[in-house]
Amino acid sequence: MNAFAANREWKKALLFSLPMLLISGLLFLSGKPLTNPAKLAPAVITFLFINITFFCMIYTGQTHKYRSRFFILASLLFVVSFIANLIEVRGTMELSAANMLDGETPLCPLVIPMLIIPAALTHTIIFPGSLFAAHAGVAPMLVLWLGFSLAVGRGWCSWICFFGGMDEGFSRLCRKPKITAVDSKWTALPWAVLLGIVLTSAATLSPTYCAWLCPFKTVTEFPAIESAKTALQAVIFSSLFIGLVVVLPILTGRRTQCSLFCPFGAFQSLFNKINIFAVRINRADCVNCNLCLQKCPTFSLDEQSLQAGKTLLSCTKCGKCIDICPKKAIAFHIKGTPLHLNLQTARVLYLYPAFTFAAVIGGGCIYGGLERIFRLAVTGSMIH
Amino acid sequence: MRLQALFGYSAAVLTLIVALATFIGMNSFSHKLVDVTGLKISPWFSGGEILGTIDRGSYKILKHRAVFDGLIGQKAEGFVQIDFSPTADLPDRINEKIDFDLDGKIDFALEYDVVANTAVITAYNPRVLSLAGCYVLKERRAVRVSLRNE
């Protein structure tokens, strides 16, 4: 690229990044008390990080590389801010029966598939939260989930799921996978888990995944260990976390919790059917090197899908296959538009909504975590 | 084909509008969602609607409805929740006789030790099974008693 062309590309990227500057300024900074110096620095750093990340995505044409860094950082800082908040409010990460009766549990998106049947038949939410709580109330979380699912489909799992960020973080620690062959039959397991938890939750009118199977209880809140039952639950939560979120991602280089277990991920796949964005493979350019198939973090490509020029329903639209394809044969695509034309337009139109959600949700996590860390540095404690 | 493409690009642009609207209209959409669907928190967690209040001067006793709600129909067993508030004005011990089904007959007697947060119940109605738990909540105390459905 000569100097003139480079200069033009730089300006073009800046121009495409300006809307995100406005959007993130409007959505992320609004409501942040910027007059307080202790909150100003984390807010400014987060705002800059959001916009530099988006600019880099546009300028370099690399999606996965910058998305992944943002996603993992948001996830790590979510854990910091969430735990600090729990300690501040309750003094512990334990969730007691009284906390549940008080409706103090923030609604976790992973619960959503379990809510649908009881909500349809009884008009009740089988979750110990509050409808309009300031922190992850049931109704705002449902609106967020609906909006995102309509806009980006299963992109949820690669752009705003703070749990997915942990899985991705550990998978990236893997330089050379120790386990390369994972039987594709395992990718059916999330559907089985989904079916099981939806039916048992409807039958018991309580979210059974949260009670028995959620690995992320280990790093968020968990039932107070007061009996053999709650001790067993704690063993299951921590074993699943260590196995699926830490060890297997490190050994395989893939997001094993997200792709081989998470029922919410399976559920979100259904939204890929109605979502306008997809990932498509240009068969004319593909040389069948199978790199995309081997590196897809969520096992969303197989030989059949590759031949068909499509990803599987489980695709989280993370952009990794697009970035690593040596022939640039894979691209974001808008359904209904001509294949393999206007690739840049499709990519930018996808990045705007996906990154808008990431900027607000992930940005909120990054800000929350940084604010706690700054407080620790200044006062010696993360909590008030 | 052209029409399809036009629809595709329009839908893609619309997704950004959906993203913006999700955040800008979050509060209003949340309230609309609850209004339209009539959703509420399951009584198994919230304790169910309050049927009556007994004024004891410095504090109040709130009787919730008995909860047997199932996915379809009712469950064989449930509970009734009794709340005491405000917490600051509660006496050390509370003795109450409760008519949970409002039939004019006492169903159980409750002796609640507020300081120790323990309770003993004496059942007068065979539908009353046992004490399910005592809870220290933010602005109230709550006692749940297990019941058998008729």
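Each chain gets a letter, A, B and so on, in the order the sequences are listed, and its residues count up from 1.
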Tell me, side chain or backbone of B:L33 under 4.5 Å from chain A's heavy atoms, or both, or neither?
-> side chain
Give, as side chain, backbone, both or neither, the part of A:T204 having an atom under 4.5 angstrom from any heavy atom of chain B.
-> backbone
Assert top hit (heavy-atom pairs under 4.5 Å, partner chain B, pool A:T356, A:T345, A:L205) equals A:L205
Which atom of A:F127 lies closest to which atom of A:P207, heavy atoms considered = CD1-CG, 4.2 Å
How about B:H31 and A:F132: are their ring centroids closer than 6.0 Å?
-> yes
Side chain from CB out, backbone as N, CA, C, O: work out which of these in A:A203 comes under 4.5 Å of a heavy atom of chain B, or both, or neither.
-> backbone
For B:S130 and B:I121, work out which heavy atoms get closest and say how close.
-> C-CD1, 3.6 Å
A:F148/A:W156 aromatic ring centres below 6.0 Å | yes
Do you know which of A:P118, A:A151, A:P19 has the most heavy-atom pairs under 4.5 Å to chain B?
-> A:A151
Any salt bridge between B:R148 and B:E77, counting N to O under 4.0 Å?
-> no
May I ask you to check whether A:Y352 and A:F54 place their ring centres under 6.0 Å from each other?
-> yes
Return the orientation label for the A:Y367 and A:F28 ring planes: parallel under 30°, perpendicular over 60°, tilted otherwise.
-> perpendicular
For A:I276, is it the side chain, the backbone, both or neither that has a heavy atom under 4.5 Å from a heavy atom of chain B?
-> side chain
Out of B:S30, B:G8, B:A5, which one racks up the most heavy-atom pairs below 4.5 Å with chain A?
-> B:S30
Sort B:K32 into side chain, backbone, both or neither according to what part of it lies under 4.5 angstrom from a heavy atom of chain A.
-> neither
Checked A:L121, A:I334, A:L144, A:V143 vs chain B; the most non-hydrogen pairs under 4.5 Å come from A:V143
Against chain A, work out which of B:T22, B:V18, B:L71, B:I72 has the most heavy-atom pairs shorter than 4.5 Å and name it.
-> B:L71
Pick from A:E104, A:K335, A:M100 with the largest number of heavy-atom pairs that fall under 4.5 Å of chain B | A:E104
So does B:K60 pair up with B:D83, basic N to acidic O under 4.0 Å?
-> no
Check each of A:W159, A:F357, A:F355 against A:F70 using the ring-ring contact (aromatic ring centres under 6.0 Å, His included) test, and report the only one that passes.
-> A:F355
Chain B interface, residue from A:L131, A:I126, A:L101 that has the most non-hydrogen pairs under 4.5 Å = A:L101
Sort B:R2 into side chain, backbone, both or neither according to what part of it lies under 4.5 angstrom from a heavy atom of chain A.
-> neither
Under 4.5 Å to a heavy atom of chain A? For B:V136 that would be backbone
